[in-house]
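Start at 1 and go down the list; that is how both ligands and their atoms are numbered. Keep in mind the model is a prediction, meaning the values are calculated, not measured.
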Amino acid sequence: MSVAPHIKEQMSSSSFIRKMFEEGVQMKKEFGAENVYDFSIGNPDLEPPAKVKEMLVTLGHSDIPGMHGYMPNAGYPETRAAMAEKVSKEQGVPVDFSHIVMSVGAAGAMNSVLKAVLAPGDEVLVPSPYFVEYGHYVRNHGGILKPVPTAGDFSLDLTAIESALSPKTAALIINSPNNPTGKIYTKQDIASLAEILEKHRKTSGRSVVIIADEPYRAIVYNNAAVAPVFPVWPSSVIVTSFAKDLSLPGERIGYAAVNPAAPDASELIDAVIFATRILGFVNAPAAFQRIVAACWNEPVDYSLYESRRNTLMSILRNAEIPFFEPEGAFYLFCRVPESRKTPNKNDDRAFCGHLKKYHILGVPGSGFGKEGWFRLAYCVPERTISGSAQAFKNAAGEW
Ligand SMILES: Cc1ncc(COP(=O)(O)O)c(C=O)c1O
């Protein structure tokens with residue numbers, strides 16, 4: 001036996017999104033792509049800004065000495081400076097290049113930060129439902145993920161968070177706009193969260209690190225704003241990437257930004273850089289560091305996602321499938337409708353299996369820690385959404 005038992009266990013319990021994705025590929029071959037409504041995966045279908053391609057061409061023809069060589073583990077100083085400008089604007093506090101560590105996507109940044117802050121047995125809180133990979137990332141570094149249910153509208157349940165804090169709590173992950181719900185936490189909730197953590201710090205002596213996972217920060221509707229964490233809680237780190245806002249998930253480019261006000265900021269930055277090295281990332285992809293330094297501020301028309309959201313919401317209303325209206329990101333979190341055939345049957349896995357018969361692919365909410373719900377990713381072509389209307393109606397009618 002060569003595969004460790006705990007890895008086997010993790011593989012079998014959590015590969016459902018990928019499984020859906022692969023089933024989708026198979027179904028498209030069998031029934032034709034236009035007859036399959038694949039809402040399974042958050043792979044943005046908008047093309048990256050034109051400047052990304054122009055920069056790729058320019059870089060391909062350039063002969064900057066050493067452009068394919070190793071670099072400092074934290075990344076190119078010019079790229080870090082550009083990211084610092086971005087973070088300063090978003091957070092409303094001055095951040096300089098030394099607080100930025102370039103990473104292999106948001107996932108790479110999250111792993112480096114967790115590696116830096118977790119001791120074996122430490123706990124990490126996360127409002128639930130949550131991005132399924134967090135459990136693995138925390139376990140990678142000897143930690144224990146503790147999901148804390150959110151309120152009925154998916155806002156932070158501050159009382160539940162307060163009761164979940166313990167002397168073992170090392171970090172709290174917040175993800176706003178949220179995957180899978182599309183919820184954006186209010187400025188007031190973030191301020192109250194900081195107050196709770198300060199109270200906890202005074203009694204336990206431990207300053208819990210907020211890790212704000214923000215790959216969807218730019219994708220918001222109705223001019224919503226994502227509240228910054230740096231001004232209210234010093235022990236905080238942003239992890240993010242250009243996977244969603246610039247549609248570059250395959251290029252694996254992101255960064256971690258450490259709050260300059262953190263009590264041990266420079267030690268924490270050094271630890272995140274060290275973790276980037278010893279986890280084997282070594283540094284973020286070289287070419288895309290140059291590209292995002294030049295393209296991070298390119299305008300992108302996210303209203304396309306908004307119109308897709310609106311189309312899908314009206315299809316779901318018509319099919320009498322209840323959902324939470326997303327404030328950002330590109331996911332619709334839906335409640336399994338009342339079954340006409342078997343009352344009280346709200347099994348999300350069974351419902352996603354039922355949807356498949358109508359060629360609709362969605363992801364069961366239990367994978368995100370929320371039974372009785374399912375997620376639809378609407379970063380798909382408009383025709384996939386409009387084409388799915390009858391299928392949703394039939395599926396809900398026959399449930
Ligand atoms: C909430 C959240 N965090 C992190 C990631 C990972 O992002 P990346 O591809 O940049 O590693 C994703 C990807 O879907 C996500 O939804």
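Leu172 pairs with exactly one of Val126, Ile211, Ile161 by the side-chain contact (heavy atoms from CB on, under 4.5 Å) rule, that one being Ile161.
Taking a heavy-atom cut-off of under 4.0 Å, ligand 1 is surrounded by Gly105, Ala106, Ala107, Phe131, Tyr134, Asn175, Asn179, Asp213, Pro215, Tyr216, Ser241, Ala243, Lys244, Arg252.
Pairs passing the side chain to side chain donor-acceptor pair (under 3.5 Å) check and including a residue from residues 25-47, sequence neighbours excluded, read Lys28-Asp38, Asp38-Ser40, Asp45-Arg308. The stretch residues 78-90 participates, sequence neighbours left out, in these side chain to side chain donor-acceptor pair (under 3.5 Å) pairs: Lys86-Glu90, Lys86-Tyr255.
Remark: Arg290 qualifies as a cation-pi partner of Tyr76 under the 6.0 Å distance and 45° angle criteria applied to the six-membered ring.
By the side-chain contact (heavy atoms from CB on, under 4.5 Å) test, Ser155 is found to be paired with Ala151, Asp153, Lys183, Asp189, residues two or more places apart in sequence or in another chain being considered.
Using the six-membered ring where Trp is involved, Phe333 and Phe368 have ring planes that are perpendicular, over 60° apart on the 30 and 60° scheme.
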